[in-house]
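Input: a single structure, listed below in structure tokens.
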Protein chains: 2
Amino acid sequence: MEPVPMLLAMTYRAMGDQFHDRLRQIGLEPLRPAHGYVFRFLKEKRATTVDIGQHLGVTKQAAAKIVNELDEWGYVLREPHPTDKRAQYVTLTTKGRDYLKFADNLWSDLEHEMAEAIGETTLDTIKTGLAEYLQHVHGDDQPGLRPVW
Amino acid sequence: MEPVPMLLAMTYRAMGDQFHDRLRQIGLEPLRPAHGYVFRFLKEKRATTVDIGQHLGVTKQAAAKIVNELDEWGYVLREPHPTDKRAQYVTLTTKGRDYLKFADNLWSDLEHEMAEAIGETTLDTIKTGLAEYLQHVHGDDQPGLRPVW
DNA sequence: GAATATGGACAACCAGGTTGTCTACTAGGG
DNA sequence: CCCTAGTAGACAACCTGGTTGTCCATATTC
């Protein structure tokens, strides 16, 4: 059996490829994974560019580039931070929320298909198992999201 | 619960980071993941640069760069292909095999610790579950190994 | 109020891929 | 047997998506 990291990488890529293909098939502009993760992050909490970089596991400069793109494309906008005059909150526009909603449906389809392929309980074990491992390794401060290659 | 791909990416990165840290801690030069995957691939079968690229999920040119590095560092060498005068087999040197052996031990340590953290049966379910999913999605032609970010 | 730390912008750089092209060789029909 | 189409590998140009380094303005701490 392949070592665990290889299985993780291959599965990650397999799912990502499918996601990407279907998105294009439907005609929706396929953003990069990072963009999607930013959307998901922003839905949960108000965040600055620095926060985003930390969440993704990249430098703030790299995060700034991503935010700039999303801004240009109309998915997010910046608004002044209420108390800190240096900082800006990045927030989702309606377009951004719509994209996220669509992508979420697609992901849920894919996950459902995975459940059909390997069984619901197996999938559930995988999810909770990985989550538990992450909790065990990193405690509450999450590791970077980006899988360094 | 986080969506599956995020869990995969985070776990992949978490394990990779630990691997990298320990390797450095011990004083061994930490190669990139790609190099390790090449070693593991070459242990299994004789392969050309093109084969390697396919296995990694990158172009042959990218694979050639990696092979060049490994050659310069003394981990692999090229030998003429017995029947095809264009091609070359890339093979592990002793240094390469030693590195692989060492890395394999380290991986097995990490996997063992994972088993302790989440339970052996859970880990087993994860491995077979992911393998089954990959089989279901891709049949026998493997997806690229590189997790596209 | 001085020293230190932080968010964000800008610039230079770099690593690790890609595409494109070329040559030598291989393989598969007419 | 030759002609055509395909392939391994080398080389070069380029691109993307990150990095480091620096700066300014503002916050925080003592």
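Scope of the values below: all heavy atoms of this structure, side chains included, with no hydrogens, waters or symmetry mates. Chain letters run A, B, ... following the sequence lines, proteins first and then strands; every chain starts at 1.
Of the residues in residues 68-89 of chain B, those with a non-hydrogen atom less than 4.0 angstrom from any atom of DNA chain C are Thr83(B), Asp84(B), Lys85(B), Arg86(B). Applying a 4.0 Å cut-off to non-hydrogen atoms, none of the residues of residues 34-47 of chain B approaches DNA chain C. Residues from residues 2-25 of chain B placing a heavy atom under 4.0 Å of any atom in DNA chain C do not occur.
Both Gln61(A) and Arg32(A) lie near DNA chain D, and the one whose nearest nucleotide falls closer to the 5' end is Arg32(A). Nearest-nucleotide positions on DNA chain D place Lys60(B) closer to the 5' end than the other of Lys65(B) and Lys60(B).
Between Tyr99(B) and Trp73(B), the gap from one ring centroid to the other reaches at least 6.0 Å. A ring-centre distance under 6.0 Å is not found for Tyr12(A) and Tyr12(B).
The residue Thr59(A) sits close to a base: some heavy atom pair falls under 4.0 Å.
Using a 4.0 Å cut-off between charged side-chain N and carboxylate O, Lys43(B) and Asp104(B) make a salt bridge. Ion pairing between a basic and an acidic side chain is recognised when a charged N comes within 4.0 Å of a carboxylate O; Glu69(B) and Arg32(B) show such pairing. Looking at Lys127(A) and Glu2(B), no side-chain N of the basic residue comes within less than 4.0 Å of a carboxylate O on the acidic one, giving no salt bridge. A salt bridge links Arg22(B) and Glu113(B); the closest N-O separation between the charged side-chain nitrogens and carboxylate oxygens is under 4.0 Å.
Judged by distance alone, with hydrogens and angles left aside, the side-chain atoms of Arg46(B) form no donor-acceptor pair with the main-chain N or O of Val90(B) at under 3.5 Å. A donor-acceptor pair is defined here as one N or O able to donate and one able to accept, closer than 3.5 Å; such a pair exists between the side chain of Thr93(A) and the backbone of Gly74(A). Formation of a donor-acceptor pair under 3.5 Å by the Asp51(B) side chain with backbone atoms of Thr48(B) is found in this model. Within the 3.5 Å criterion, the main-chain N or O of Leu92(B) finds a donor-acceptor partner in the side chain of Arg97(B).
Met10(A) and Val4(A) fall within the same hydrophobic cluster, where Ile, Leu, Val, Met, Phe, Trp and Tyr residues are linked whenever their side-chain heavy atoms come under 4.5 Å apart, directly or through other members.
Rounded to a whole Å, the CD atom of Gln54(A) is 12 Å from the C1' atom of dT6(C).
Residue Trp149(A) places at least one side-chain N or O closer than 4.0 Å to OP1 or OP2 of dG17(C).
Remark: Glu72(A) engages no residue in a side-chain hydrogen bond (donor to acceptor under 3.5 Å, both in side chains) (not counting sequence neighbours).
If one axis is set at each end of the helix from dG1(C)-dC30(D) to dG30(C)-dC1(D) from five pairs, those axes are 30° apart, to 10°.
Residue Leu8(B) holds its CG atom at 6.5 Å from CG of Leu130(B), rounded to the nearest 0.5 Å. The distance from the CD1 atom of Ile52(B) to the CG atom of Leu42(B) is 4.5 Å, given to the nearest 0.5 Å.
Considering all non-hydrogen atoms of both residues, Ile66(A) and Ala34(A) come closest at CD1-CB, 3.8 Å.
Taking every nucleotide of DNA chain D with any atom under 4.0 Å from a non-hydrogen atom of chain B, the first and last of them, 5' to 3', are dG6(D) to dG18(D).
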